[in-house]
Amino acid sequence: MTYKHYRSALCLIVSCLFTAVSFGQIRLPRLISDGMVLQRDQNVRVWGWASPGESVKLTLDGKTVHTKTDEDGAWEMLLPAMKAGGPYTITLEGQNRIVLKNVVFGEVWVCSGQSNMELTMARVRDNYADVVQQADMPDIRQFLVPDQFDFKKENKDLEEGYWESASPDNISGFSAVAYFFALELYAKYQVPIGLINAALGGSPVEAWMSEEALKDFPDSYAELQKFKDDALIRKIETEDRERAAAWHDTLNKKDRGLTAPIPWSETDVPDKDWDSMEIPGFWANKEQFRRNEEGHEVFQPGHTQNGVVWFRRTIDLTADKAGKPASLWMGRIVDQDYTYVNGQQVGTTGYQYPPRKYTVAPGILKEGRNVITIRVINNGGKGGFVKDKPYFLAIDGDTIDLKGLWKYKPGVAMPPMPGQTFVRWKPGGLYNKMIAPLLPYTIRGVIWYQGESNTGDPGKYARTFPAMIKSWRKAWKQGDFPFLYVQLANFMEETDTPVESNWAALRQAQLQALSLPETGMAIIRDIGEWNDIHPLNKKDVGYRLALLARKVAYKEKGLTASGPIATKAAFKRDQVSVTFDAAGRGLTTRDGNTPQYFALSEDGKTFVWAKAEITGKNTVRVWNNRVKHPVAVRYAWANNPATANLYSEDGLPASPFELRK
């Protein structure tokens with residue numbers, strides 16, 4: 001045997017020995033790790049892997065639990081119920097020894113849904129600066145589940161993630177809704193709170209459903225089967241990237257603001273030929289591109305527009321402001337922006353939803369003339385600046401209002417950017433990768449904020465959402481654990497006549513899901529923002545979810561945890577009497593006026609506004625003198641029922657609803 005062959009054989013033997021030893025080592029799932037919160041007052045599952053038939057011993061607080069792995073090397077054991085407290089050390093021994101530190105027992109909640117659950121404290125920190133500064137909460141802990149999908153199988157473990165306690169240094173990464181929820185529970189019960197954050201922006205409910213649950217929905221089930229093809233996913237993602245890259249490449253090559261002898265981001269660009277436009281606003285409401293006599297794209301009235309528009313605003317500063325750091329707030333911009341101050345880029349945001357809050361570094365601002373330039377890229381629909389958002393420059397405690405006339409000039413007109421296939425949102429993928437690995441973990445319950453992505457088909461959501469809840473409960477094997485969810489907030493522009501609304505219909509589907517046991521719904525139709533699908537008031541959302549937890553999960557007596565919910569309607573010849581549950585101390589209105597935003601219908605299709613009055617602690621009479629035989633009654637039935645004013649005297653809003661004869 002040559003030395004080369006000898007060395008290869010030796011390496012093979014060592015590799016085999018190492019593999020055998022590694023296989024025999026106790027291995028734990030990501031969730032079972034330092035700093036974890038385990039559910040109090042319940043038998044708790046601990047699980048992992050080792051070699052087949054290996055003995056595993058766990059020691060906690062002087063008590064030991066033994067088990068053996070099965071033929072596949074998997075093991076599981078139940079720890080006896082423990083009171084809230086800690087920190088404890090857990091030792092696991094087999095062929096190796098693992099010590100888990102800083103383990104506490106308390107309340108464990110899974111926090112799931114789409115972007116409004118995912119939205120972090122970083123996004124709302126300006127609204128809750130004191131909360132962020134005081135976030136030294138070692139007993140409030142989050143495990144952030146990585147955003148991943150798998151269409152082929154239910155995963156046994158997560159690829160990454162760890163438990164961390166809330167502190168001023170890391171609070172920015174906590175879910176805002178979940179953190180405010182935890183703060184309320186901690187203040188009430190003074191026990192550790194564990195938040196397992198498994199949420200992904202834009203995700204429809206089907207993405208969170210198991211393959212078994214999807215079988216009752218043939219179209220979604222078929223789509224899941226389709227996306228088990230890795231080659232198909234690679235093809236779609238490659239084509240999406242190439243189309244987007246080609247669109248942006250063409251846009252950048254043709255943008256006159258980039259190709260001009262003096263780029264339009266520079267301070268000294270001649271702008272006498274630039275037109276003026278009121279900011280905030282959408283340029284599609286003003287004019288649209290056309291080609292002028294020189295062959296340049298300019299605006300043409302009456303159409304929407306995609307492409308690039310450049311905006312400039314000049315401000316004068318006194319000497320005491322020169323050189324100082326500043327904050328530039330530019331509201332929300334549709335869709336993408338590159339923002340410059342005196343020729344230096346101070347920020348960019350790639351899509352429309354995040355608020356534009358940019359830091360202007362020391363030395364950029366100067367005495368006298370200063371120029372703010374914004375390159376706005378719109379890839380579909382109306383482009384521009386969203387109204388009713390903050391637009392200002394803050395320097396040394398003073399603010400300069402930036403609303404008003406800005407100069408603008410088209411850079412290039414483009415067709416809409418080709419649509420993207422969001423593979424990660426397809427049915428089953430998020431369940432398999434982000435929920436299935438959590439199933440052995442003992443929990444108190446789930447808080448859920450989702451539904452915006454399903455407003456295209458509220459009727460289907462009325463079936464899929466309850467099916468998802470049932471399937472999670474079945475898979476977790478903990479019975480009907482509390483499932484608390486958020487009804488959609490008010491959103492989009494108000495209307496002055498009764499209209500059909502998919503957002504209202506989806507709220508109705510969410511309302512109907514309360515028929516499932518141990519559920520609760522936080523009603524937030526009063527704390528949304530007409531111009532933002534991500535309203536910043538996450539504190540009240542967390543508070544209302546915590547009220548539900550106190551009632552549903554912790555069985556607190558005498559607590560009004562929900563706003564009024566219409567349960568029945570008595571249809572009479574010329575009026576309807578609506579009865580509400582959860583009215584608490586009684587019905588009232590927020591503003592002292594009569595109840596607003598009720599509507600009646602004689603044919604179940606055409607609705608007209610109706611008058612209403614509170615006739616008892618939990619009843620409302622609704623009528624319209626022109627409606628002699630009402631067959632349907634609605635309340636707050638709109639995308640944005642901003643003037644709906646029915647509340648309980650406990651300060652909680654009544655849920656939107658529809659009841660029929």
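Throughout, numbering of the chain's residues begins at 1 and tracks the sequence.
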Spacing of Leu506 atom CG and Leu488 atom CG [to the nearest 0.5 Å]: 5.0 Å
Over all atoms of both residues, closest heavy-atom pair of Arg123 and Leu536: O-CD2, 4.1 Å
With distance as the sole test, does Asp70 use its side chain to make a donor-acceptor pair with the main-chain N or O of Asp72 at under 3.5 Å? yes
Counting C-beta onward and ignoring hydrogens, is there a side-chain heavy-atom pair between Ile443 and Gln478 closer than 4.5 Å? yes
Do you know which of Phe491, Tyr461, Trp530 makes ring pair (Phe, Tyr, Trp, His ring centres under 6.0 Å) with Trp503? Phe491
Heavy-atom side-chain proximity of Leu224 to Glu206 below 4.5 angstrom: no
Rounded at 0.5 Å granularity, tell me how far CG in Leu100 sits from OG in Ser33. 7.5 Å
Would you mind reporting whether Leu511 and Pro656 have side-chain heavy atoms less than 4.5 Å apart? no
Between Lys477 and Lys474, is there a donor-acceptor pair closer than 3.5 Å when you use the side chain of the first and the backbone of the second? no
A side-chain contact here means heavy atoms from C-beta on lying under 4.5 Å apart; do Tyr358 and Val341 qualify? no
How about Phe227 and Phe149: are their ring centroids closer than 6.0 Å? no
Answer yes if the side chains of Arg125 and Ser172 hold a donor-acceptor pair under 3.5 Å, and no otherwise. yes
Minimal heavy-atom distance between Ala582 and Gly563, with the atoms involved, is CB-O, 3.5 Å
Above 12 or not: heavy atoms from other molecules or residues under 6.0 Å from CD of Glu71? no
Would you say OH of Tyr543 has more than 12 non-hydrogen atoms from neighbouring residues, nucleotides or ligands within 6.0 angstrom? no
Taking atom NZ as the centre, does Lys551 end up with more than 12 heavy-atom neighbours from other residues, nucleotides or ligands that are less than 6.0 angstrom away? yes
Residues Val104 and Pro192: closest non-hydrogen pair is CG2-CB, 3.7 Å
Of the options Leu547, Leu545, Leu548, which is the one that meets Phe181 in a side chain to side chain contact (heavy atoms under 4.5 Å, CB included)? Leu545
On a heavy-atom basis, the closest approach of Ile26 and Glu54 is CG1-OE2, 4.2 Å
Please step through side chain to side chain donor-acceptor pair (under 3.5 Å) for the pair Tyr162 and Glu160, ending with a clear verdict. CA-CA 7 Å; Tyr162 53 90; Glu160 55 186 270; over 6 Å; no
Is a side-chain donor or acceptor of Trp425 paired with a backbone partner of Gly201 at a separation under 3.5 angstrom? yes
d(Asn197 CG, Gln142 CD) to nearest 0.5 Å is 4.5 Å
Would you list the atom pairs, donor with acceptor, under 3.5 Å between side chains in residues 77-93 and any protein atom, with sequence neighbours excluded?
| from | atom 1 | to | atom 2 | distance (Å) |
| --- | --- | --- | --- | --- |
| Glu93 | OE1 | Lys57 | NZ | 3.4 |

With rounding to the nearest 0.5 angstrom, report the CE to CZ distance, Met121 to Phe174. 10.0 Å
Any Lys/Arg nitrogen of Arg40 or Asp139 sitting under 4.0 Å from an Asp/Glu carboxylate oxygen of the other? no
Can you spot which of Trp448, Phe465, Phe481 makes a ring pair (Phe, Tyr, Trp, His ring centres under 6.0 Å) with Trp472? Trp448
Scanning both residues in full, the closest heavy-atom pair of Arg473 with Leu516 reads NH1-CB, 4.4 Å
Donor-acceptor pair, distance only, cut-off 3.5 Å: does the side chain of Ser175 make one with the backbone of Met117? yes
Drop me the distance from Met209's CE to Lys470's NZ, to the nearest 0.5 angstrom. 10.5 Å
Any donor-acceptor N/O pair, Thr69 side chain to Gly53 backbone, under 3.5 Å: yes
Are Glu556 and Arg550 ion-paired here, with the side-chain N under 4.0 Å from a carboxylate O? yes
So does Ile565 get a backbone contact from the side chain of Asp581, meaning a donor-acceptor N/O pair under 3.5 Å? no
Steps toward side chain to side chain contact (heavy atoms under 4.5 Å, CB included) verdict (Tyr485, Gln450): CA-CA 8 Å; Tyr485 56 93; Gln450 189 273 340; over 6 Å; no
So, the side chain of Asn454 versus the backbone of Val205: is there a donor-acceptor pair under 3.5 Å, distance only? yes
Quick one: do Thr339 and Asp337 satisfy side chain to side chain donor-acceptor pair (under 3.5 Å)? Show the steps, please. CA-CA 6 Å; Thr339 298; Asp337 72 286; 2.8 Å; yes
Start with the C-alpha gap between Asp526 and Arg544, add the side-chain angles, then the distance that decides, and say whether salt bridge (Lys or Arg N to Asp or Glu O under 4.0 Å) holds. CA-CA 12 Å; Asp526 59 333; Arg544 293 176 187 181; 2.9 Å; yes
If only atom types and distance count, is the side chain of Arg141 paired as donor or acceptor with the main-chain N or O of Gly35 below 3.5 Å? yes
Would you say Leu200 and Glu118 make side-chain contact, with heavy atoms under 4.5 Å? yes
Between the side chains of Glu529 and Arg332, is the shortest nitrogen-to-carboxylate-oxygen separation below 4.0 Å, so that they form an ion pair? no
Are Asn155 and Asp150 linked by a side-chain donor-acceptor pair shorter than 3.5 Å? yes
Asn127 vs Lys538, side chain to side chain contact (heavy atoms under 4.5 Å, CB included): CA-CA, chis, key distance, verdict: CA-CA 10 Å; Asn127 296 65; Lys538 296 300 190 252; over 6 Å; no
Would you name the heavy atoms of Ala198 and Ser112 that are closest together and state the gap between them? O-OG, 2.6 Å
Can you check side chain to side chain donor-acceptor pair (under 3.5 Å) on Gln114 and Ser453, steps first, answer last? CA-CA 8 Å; Gln114 57 182 108; Ser453 290; 3.0 Å; yes
For the pair Arg356 and Lys389, evaluate side chain to side chain contact (heavy atoms under 4.5 Å, CB included) and give the outcome as yes or no after the intermediate values. CA-CA 10 Å; Arg356 272 55 173 184; Lys389 290 290 184 180; over 6 Å; no
Taking the side chain as everything from C-beta on, heavy atoms only, tell me whether Gln39 gets closer than 4.5 Å to Tyr441. no
Within the structure provided, determine whether Phe180 and Val541 are in side-chain contact (heavy-atom separation under 4.5 Å). no
Taking the basic N atoms (NZ, or NE/NH1/NH2) and the acidic carboxylate oxygens, is any pair closer than 4.0 Å for Asp147 and Arg424? no
Sidechain N-carboxylate O distance under 4.0 Å for Asp34, Lys101: no
Any chance you could lay out the side chain to side chain contact (heavy atoms under 4.5 Å, CB included) test for Asp532 and Val386, step after step, and finish with the verdict? CA-CA 9 Å; Asp532 203 328; Val386 175; over 6 Å; no
Closer than 3.5 angstrom, by distance alone: can the side chain of Gln487 be matched with the main-chain N or O of Arg507 as a donor-acceptor pair? yes
Worked verdict on Glu518 versus Arg444 for salt bridge (Lys or Arg N to Asp or Glu O under 4.0 Å): CA-CA 12 Å; Glu518 301 300 309; Arg444 171 63 72 181; over 6 Å; no
Any heavy-atom pair between the side chains of Arg30 and Phe143 that's under 4.5 Å? yes
